Every structure is written in C-alpha cells, then in structure tokens.
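Just so it is clear, the model here is predicted, and its values are computed rather than measured.
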Amino acid sequence: MSEAKKYPTPVTNPETAAFWDAAKEGRFMIKRCTACGEAHYFPRSICPFCYSDKTVWEQASGEGTIYTYSLMRKSPTGPYAIGYVTLKEGPSVQTNFVDCDLEKLKIGQKVKVVFKATDGAPLPFFTMA
C-alpha cells in the first residue's frame with residue numbers, strides 16, 4: 001500500500017496570513033485593487049497593475065480554465081502536471097493538477113480548486129471540474 005503524498009508546509013507572513021487562514025476554512029482568496037479594479041494573485045498588498053496600496057481581500061469562486069500545462073511523465077515521485085489556470089475572476093494561477101487522470105487534461109478545460117493538507121495551512125491545487 002502506498003503512503004499518502006506529503007505536501008510541504010507553506011511559509012506564511014503577516015501580508016499573506018489572511019490567505020492561509022481562509023485556506024484552513026476551504027476558501028480561496030485573491031486580492032482586488034480598489035484604485036484600478038484589477039484582481040490579482042498571488043495576494044499582496046501592492047497592486048501589480050497600478051502600484052496602489054488600496055487592495056482588499058475577495059473570496060474567489062475557485063473555478064477556472066486551464067490556460068496551459070506540462071505533463072511530466074518521468075519523475076522519481078511519479079507523473080505530475082503543472083500549469084496555469086485562469087480564474088473566473090481574471091487572474092492566472094500557477095498550480096499543480098491533482099486527483100485526476102493527467103492524460104485527460106486539455107487546454108480550455110474547466111477546473112476547480114482543491115486544498116491538500118500540510119503540517120500547517122492547506123495548499124491550493126486544481127482538479128477537473
């Protein structure tokens with residue numbers, strides 16, 4: 001019987017604490033700039049579009065589409081896939097794809113966020129919707 005995959009514990013800091021606290025509740029958060037209206041991920045206090053510090057937390061739907069991906073078939077830990085997901089809210093997220101048949105992934109496919117346990121806050125990944 002194989003052991004369950006162990007994921008690394010995320011490093012938190014005061015700027016991202018709200019993100020990790022929400023993840024513990026199964027909520028996926030992004031930031032939105034109130035100066036220019038753009039949503040962004042990874043959440044940070046300065047808007048990457050207009051450089052304003054007027055940003056607020058917003059709960060994302062956790063739904064998106066695969067923009068691009070790479071499937072690594074040969075790895076010491078077994079096959080895995082990484083890629084970018086464009087969230088319904090607009091930002092793109094670099095992620096791993098889990099809990100699905102990696103051979104069936106395709107660009108434009110609908111996916112949803114799933115959280116995987118760590119020794120700290122859970123990590124967000126994506127799987128087929």
Side-chain angles (χ1 to χ4, degrees):
M1 187 170 190
S2 66
E3 287 185 37
K5 184 164 176 73
K6 184 158 174 68
Y7 295 97
T9 302
V11 177
T12 63
N13 62 55
E15 185 176 22
T16 61
F19 177 85
W20 298 114
D21 290 343
K24 289 175 186 173
E25 299 171 0
R27 297 183 297 127
F28 186 70
M29 304 297 284
I30 59 174
K31 280 279 196 118
R32 186 169 301 273
C33 178
T34 59
C36 71
E38 293 285 341
H40 61 272
Y41 183 90
F42 188 80
R44 52 197 171 270
S45 58
I46 303 296
C47 173
F49 300 100
C50 73
Y51 307 111
S52 169
D53 64 350
K54 308 288 189 251
T55 61
V56 294
W57 289 101
E58 178 179 302
Q59 185 171 336
S61 65
E63 300 171 352
T65 57
I66 297 175
Y67 174 75
T68 189
Y69 71 97
S70 291
L71 175 55
M72 278 41 100
R73 290 180 177 88
K74 294 184 179 183
S75 163
T77 58
Y80 66 96
I82 60 172
Y84 281 92
V85 168
T86 303
L87 299 174
K88 280 175 72 172
E89 294 79 10
S92 292
V93 177
Q94 185 179 19
T95 189
N96 286 63
F97 298 101
V98 297
D99 301 338
C100 60
D101 182 349
L102 300 178
E103 297 292 338
K104 293 186 177 177
L105 292 174
K106 60 186 177 199
I107 292 172
Q109 183 170 20
K110 302 285 186 204
V111 290
K112 63 182 179 181
V113 73
V114 292
F115 291 94
K116 295 294 184 177
T118 71
D119 290 336
L123 289 172
F125 296 100
F126 282 80
T127 191
M128 291 183 199

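Contact between Pro122 and Trp20 at its shortest, heavy atoms only, is O-CZ3, 3.5 Å. Across all non-hydrogen atoms, the minimal contact from Lys6 to Asp119 is NZ-OD2, 2.9 Å. Considering every non-hydrogen atom in both Gln59 and Met29, the closest pair reads CA-SD, 3.5 Å. Across all non-hydrogen atoms, the minimal contact from Thr95 to Val85 is CG2-CG2, 3.8 Å.
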(request) Output, in order, the C-alpha distance, side-chain angles, deciding distance and verdict of side chain to side chain contact (heavy atoms under 4.5 Å, CB included) for Ser45 and Asp53. (result) CA-CA 6 Å; Ser45 58; Asp53 64 350; 5.9 Å; no
(request) Applying side chain to side chain contact (heavy atoms under 4.5 Å, CB included), run through Met128 and Lys110 and close with a yes or a no. (result) CA-CA 6 Å; Met128 291 183 199; Lys110 302 285 186 204; over 6 Å; no
(message) Could you go through Glu63 and Lys88, starting from their C-alpha distance and side-chain angles, then the distance that decides it, and tell me whether this counts as salt bridge (Lys or Arg N to Asp or Glu O under 4.0 Å)?
(response) CA-CA 6 Å; Glu63 300 171 352; Lys88 280 175 72 172; 2.9 Å; yes
(message) Could you go through Leu105 and Cys100, starting from their C-alpha distance and side-chain angles, then the distance that decides it, and tell me whether this counts as side chain to side chain contact (heavy atoms under 4.5 Å, CB included)?
(response) CA-CA 8 Å; Leu105 292 174; Cys100 60; 4.1 Å; yes
(message) Could you walk me through whether Cys36 and Ser52 satisfy the side chain to side chain contact (heavy atoms under 4.5 Å, CB included) test, starting with their C-alpha distance in whole Å, then the side-chain angles of each, then the deciding distance to 0.1 Å, before giving a yes or no?
(response) CA-CA 8 Å; Cys36 71; Ser52 169; over 6 Å; no
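Using a 4.5 Å cut-off on side-chain heavy atoms (C-beta onward), Thr118 and Lys116 make no contact. Side chains of Phe126 and Tyr84 form no contact here, defined as non-hydrogen atoms less than 4.5 Å apart. Considering only heavy atoms from C-beta on, Val98 stays 4.5 Å or farther from Lys5 through its side chain. Under the 4.5 Å side-chain criterion, counting only non-hydrogen atoms from C-beta, Ile30 is in contact with Leu87. In this structure, Val111 and Thr65 have side chains that are not in contact, with every pair of non-hydrogen atoms separated by 4.5 Å or more. Side-chain contact between Leu123 and Phe115 is absent, with no heavy atoms from C-beta onward closer than 4.5 Å. Proximity of Ser70 to Tyr80: side-chain heavy atoms (C-beta onward) are nowhere separated by under 4.5 Å. Between Thr16 and Phe42, the closest side-chain pair of non-hydrogen atoms falls below 4.5 Å.
Note on Asp21 versus Arg27: no salt bridge recorded, every NZ/NE/NH1/NH2 to OD/OE distance being 4.0 Å or above. In this structure, Glu58 pairs ionically with Arg32, as a charged nitrogen and a carboxylate oxygen lie closer than 4.0 Å.
A single hydrophobic cluster is not seen to contain both Tyr67 and Leu71; linkage of ILVMFWY side chains at heavy-atom distances under 4.5 Å, directly or through other members, places them apart. No single ILVMFWY cluster, assembled from side-chain heavy atoms under 4.5 Å apart, contains both Leu102 and Met72.
Checked by atom type and distance alone, the side chain of Thr12 never pairs as donor or acceptor with a backbone atom of Ala17 at under 3.5 Å. In this structure, the side chain of Glu25 does not engage the main chain of Ala22 through any donor-acceptor pair within 3.5 Å.
For the residue pair Glu89/Ser61, the side-chain donor-acceptor check at 3.5 Å is satisfied. Judged by distance alone, the side chains of Thr55 and Lys31 do bring a donor and an acceptor atom under 3.5 Å apart.
Ring geometry, Tyr7 versus Phe125: the interplanar angle falls from 30° to 60°, so the pair is classed tilted.
For Gln94, there are no side chain to side chain donor-acceptor pair (under 3.5 Å) partners, not counting sequence neighbours. Under the ring-ring contact (aromatic ring centres under 6.0 Å, His included) criterion, Tyr69 pairs with no residue, sequence neighbours left out.
Atom NE2 of His40 and atom SG of Cys47 lie 6.0 Å apart (nearest 0.5 Å). For the atom pair Thr34 OG1 and Lys54 NZ, the distance stands at 7.5 Å (nearest 0.5 Å).
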